[in-house]
Amino acid sequence: MNIREITSGIYYTGVNDRVTDKFEGMWPLPHGVSYNAYLVRGSKSTALMDTVEITEVHEYLDAVERTLQGAAPDYLVVHHMEPDHSGSIPEVVRRWPDLKIVGNAQTVGMIKGFYHVDDDSRFVTVKDGDIIDMGDMTMLFRLTPMVHWPETMMTYVAERGVLFSGDAFGCFGALNGGLIDTELDTTVYRDEMYRYYSNIVGKYGRFVQQAMQKLSGVTPEYICTTHGPVWHEKIAEVMGIYDRLSRYEGEDGVTIIYGSMYGNTAEVAEEIARGLAEAGVKKIKIHNASHSDMSYMISDAFRYKGLIVGSATYSMTLFPPVKALLTALQVREVKNKVFAGFGSYTWAANVVKKEMEDFCTAAGLEMQGFVMMKQGIDEDVRNAARALAAEVAAKLNS
Ligand code: FEO
């Protein structure tokens, strides 16, 4: 059982999930995931900060009761209603009949809709900037809509320098004993933060930017997210990653993603990659769209500044896994990329280029170059692939 005091009067009551294969039914969890919940124990009152997925409710309630040692909590603060955090609300409401649920107007509507908690006397509805006095601590509520749902909000406890940030600054990965970043190796969590952000929150970059503006006067000592480690030593790094990703600002490097049925389009991808390396690009990620999981392709497409996508022609359209990828990127409003494309055909010469141009137009991207191959690779295609690579490399360095 994972119970511990983070700083004076603030406790962790979250759980690990190493059973669920796919988060939201879609995104693989090779390292598991934590559903973080917390408990704030002031001199006048006590608040639970979020709950956990219903499958983990027994472990969660046990953690809360062991921490409270017989006391009853006064409040449950609900920062986010996605069921990985709100799923245990009905059990909490039943167990502590005098507990008040703290949320904004949208939260209350969602609790009624999801869980049929309809007694209005159970709710304390807060607005942006409202405060609840807990004695030696105060909870300041900041509404941060669309990070990741409309009701999302954060709480700042200034007396302890603790920000409860909801999904923001979170990542996949169960907690393997360590809870605060000072007591664990953060390598896997950093990589999983890119995947978590791009897959789950990626569509809402401008709202993340608005939330970060709202937080600009706050200098937390601890950021308690709803997934992954509590950030303490690495707050600047983590905020930097979220800031860059939400501005769609890529790191140095190129992601190549291709769809190939018989290996011909794959050969063009290899030629482009070799050309990039010869032009000095060191960070090159290549995904065969038929084999890489979508979540990793989205993550790398967000992470790196260069994006080169290739596709065989299939039934007069893009190869379906590539088409699905471009749709996923379009949904997430990916922008600010150095983008280039390549494709292959046997009898329909213009389909792939046209669909990639349409993608670029919709995304506001400029196509830096395009290589089209008829059937199998030859020297002309190899030269064109190398030229495209040189063009992309030059653009990355400009
Ligand atoms: Fe972890 Fe948007 O829920």
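When a ligand or atom number is given, it counts from 1 through the structure's own listing order.
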I'd like to know: is atom 1 (Fe) of ligand 1 within the 2.8 Å range of an N/O/S atom from H85, strictly under that distance?
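So H85 does bind atom 1 (Fe) of ligand 1 by this criterion.
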
N/O/S atom of E82 inside 2.8 Å of atom 1 (Fe) of ligand 1, strictly under
no

Which N, O or S atom of [X] lies nearest to atom 2 (Fe) of ligand 1, by name:
X: D167; answer: OD2
X: H80; answer: NE2
X: H148; answer: ND1

Which atom name would you report as the N, O or S atom of D84 nearest atom 1 (Fe) of ligand 1?
OD2

Go through the side-chain N and O atoms of N36 and H227 and say whether any donor and acceptor fall under 3.5 Å apart.
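No pair is found: no donor N or O on one side chain lies under 3.5 Å from an acceptor on the other.
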
Side-chain H-bond candidate by donor/acceptor type, Q209 with S246, under 3.5 Å:
yes

Would you say the rings of F302 and Y194 are close, in the sense that their centroids are separated by under 6.0 Å?
no

So that I know where these two stand, are F172 and Y189 an aromatic pair - ring centroids less than 6.0 Å apart?
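Between F172 and Y189, the centre distance exceeds or equals 6.0 Å.
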
Please check if atom CG in N336 has more than 12 non-hydrogen atoms from other residues, nucleotides or ligands closer than 6.0 Å.
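Yes, enclosed.
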
